[in-house]
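Below you'll find the structure, written out as structure tokens, and then a few comments.
Whatever order the structure lists them in is the order used to number ligands and atoms, beginning at 1.
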Amino acid sequence: MTLSPAYEENREAMLERVADLAAQQDKALAGGGPKAVDRHHRRGKMTARERIELLIDPDSAFLELSTLAGWGTDFTVGGSVVTGVGVVEGVECMIIANDPTVRGGSSNPITLKKSFRAAQIAAENRLPTINLVESGGADLPTQKDIFIPGGQHFRGLTEASADRRPTIALVFGNSTAGGAYVPGMSDYVVMVDGGAKVFLGGPPLVKMATGEESDDESLGGAAMHARTSGLADYLAADEQDAIRIGRQIVRRLNWRKLGPSPLTDYADPVEDPEELLGVVPTDLKIPFDPRAVIRRIVDGSEFDEFKPLYGTSLVTGWARLHGYPIGILANAQGVLFSEEAQKAAQFIQLANQADTPLLFLHNTTGYMVGKEYEQGGIIKHGAQMINAVSNSQVPHLSIVMGASYGAGNYGMSGRAYDPRFMFSWVGAKSAVMGPAQLAGVVSIVSRQAAAAAGRPFDEEADARTRAGIEAQIERESLAYFTSGMLYDDGVIDPRDTRTVVGLCLSVIHNAPVQGARGYGVFRL
Ligand code: COA
């Protein structure tokens, strides 16, 4: 095909962004830094990522989640925990691994948010959970933010079990105080001899509480728990052995996926996904045709467009991806008008009738404003789309390709609408509106307030405030920042979209896939 003249320019700009993404992700990969990692290795221990690599099937993909958690905060990027879906003995499992190189693997507010998101994904998609435990428990300086809500972690484990989603704890190191309830609440517990330490209170605390003299091993060593307390079901000789036993446990779960199976003989896209680098401009103000993206992510580049002549700034249609059927909604010209909103509401209902998962490709500045559109009922039409999205029961996947502003973020199944997974392309932006528009609105409002109060308006001060606000919103809209706040599940290279969506679809099909059988009242 003929690629646009801007192709090379776009490609260069996107490659720069992708290189920067790798640099940001390196911060998470570094954990607590080389000194802490060295010390950990010298103790004969594996890092969280090394443990995961050994746990999952050789050469299988690990769908890492929330890699940039905490980006833009004072906490270490990654939140001192690694989470993601990995394949163990052919079974997709949620893996949650404490990173002991970051403040002893203790849990801060970011750790908590990230672990809760992982637990939510496991619950919604019916996944077994494997916890790789080595943690100093609550991050003591931030205990006020985590102690009370943190209780949900343990409640979630036992709820998972009640829901027949197996929970497995492989305990490599410290698991004290509240942390002791991770093995305590799990279905299966493996402890590493000489490594695991599982007690409600360590020797100093016991001494303070009761005066009793004790040591780590007799209070909470793996051998004691395997032979005496019975908290450990398996005693592992070392870390590798614990992982071997963990894999053996998964093998015996007799796990069956409950969603429909995909076609196995699907074709790769005819149009090269590599070209995603160049067909999409990095300047979010330049619109692009999302069909160029769709053709590069779906099987055989085959896309059956629905209602192509109506509401043309939203593209809707059917395709397959890695053999799974999907309905796609993709913004084209940015703005959503009444026609687009109604088209979306109809399409989402059709997907629910056919039990077909939906993929939302965001690039929207929101619903159209202005007298003509207000009088034409843009609010109620937007409400129809939001009603359809909210009450839809088929799994949703959201990819923010460009802008995701205003109520457009809601209508396109943004975070608050619980898509099963949501990823942003590097360079995407999510906010209530564009940074320049937002700063302009603040300026108009303060100008009007000054006029109403009869005060003179300081133009210079306004220009400074405006620039300051614009810079602040610019930074806070960045995909890194919103991902850091756990508003999505990760930032990705556009070229990885097909693989990431395909992995997500496979994960989703662990649970039954069934559309809504009824809807709320559609305001007409
Ligand atoms: N909260 C905040 N910081 C903690 C922490 C916690 N619960 N546990 C460890 N850290 C910090 C340490 O202060 C140290 O910080 P520094 O590198 O800036 O000095 C860093 O993590 C590494 O700790 P260190 O003790 O040197 O590592 P270790 O591998 O020898 O031991 C632990 C790790 C977890 C066994 C040990 O730190 C410990 O016992 N922590 C307290 C556990 C506890 O009682 N938690 C209360 C749970 S409610």
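Residues His362 and Ser398 have side chains that bring a donor and an acceptor to within less than 3.5 angstrom of each other.
Put simply, CG on Asp488 and CG on Leu65 are 10.5 Å apart, with the number rounded to the nearest 0.5 Å. Distance check: Leu29 CG to Thr67 OG1 gives 8.0 Å after rounding to the nearest 0.5 Å. Once rounded to the nearest 0.5 Å, the distance linking CD1 of Ile245 with CE of Met191 reads 12.0 Å. The CG atom of Leu284 lies 10.5 Å from the CE atom of Met401; values are rounded to the nearest 0.5 Å. Atom CD of Glu89 is separated from atom CZ of Arg247 by 4.5 Å, given to the nearest 0.5 angstrom. To the nearest 0.5 Å, atoms CG (Leu277) and CG (Asp493) are separated by 6.0 Å.
Ranked by closest heavy atom to atom 45 (N) of ligand 1, the top entry among Gly201, Gly136, Ala180 is Gly136. Closest heavy-atom approach to atom 9 (C) of ligand 1 among the candidates Gln143, Arg103, Arg39: Arg103.
The protein heavy atom nearest to atom 1 (N) of ligand 1 is Leu140 N, 3.0 Å. When hydrogens are left out, the protein atom nearest atom 7 (N) of ligand 1 is Ala138 O, 2.7 Å; that is the closest non-hydrogen contact. Looking from atom 38 (C) of ligand 1 to the surrounding protein, the closest heavy atom is Asn174 ND2, 4.7 Å. Atom 33 (C) of ligand 1 has its closest protein heavy atom at Gly104 CA, 4.4 Å.
For atom 3 (N) of ligand 1, the nearest protein heavy atom lies under 4.0 Å away. In this structure, atom 15 (O) of ligand 1 has its sub-4.0 angstrom surroundings free of protein heavy atoms. Distance remark: protein heavy atom present below 4.0 angstrom from atom 28 (P) of ligand 1. Of the protein's heavy atoms, none falls inside 4.0 Å of atom 12 (C) of ligand 1. For atom 43 (C) of ligand 1, a protein heavy-atom neighbour is found at a distance under 4.0 Å. At least one protein heavy atom sits closer than 4.0 Å to atom 24 (P) of ligand 1.
Atoms of ligand 1 found under 4.0 Å from any heavy atom of Ala177 (numbered from 1 in listed order, with element): 47 (C), 48 (S). Near Pro141, the atoms of ligand 1 lying under 4.0 angstrom from a non-hydrogen atom of the residue are 2 (C).
Listed by first then second residue, pairs satisfying ring-ring contact (aromatic ring centres under 6.0 Å, His included) with a partner in residues 60-88 read Trp71-Tyr480, not counting sequence neighbours.
Polar contact with ligand 1: absent for Thr176 (N/O pair, distance under 3.5 Å). Considering backbone and side-chain atoms together, Gly137 places no N or O closer than 3.5 Å to any N or O of ligand 1. At under 3.5 Å, a nitrogen or oxygen of Arg43, whether backbone or side chain, sits near a nitrogen or oxygen of ligand 1.
Checked options Val400, Val280, Leu361; the residue passing with Trp425 is Val280 (criterion: side chain to side chain contact (heavy atoms under 4.5 Å, CB included)).
With hydrogens and angles disregarded, a donor-acceptor distance shorter than 3.5 Å links the side chain of Asn331 to the backbone of Asn363.
For Asp238, there are no side-chain hydrogen bond (donor to acceptor under 3.5 Å, both in side chains) partners two or more places apart in sequence or in a different chain.
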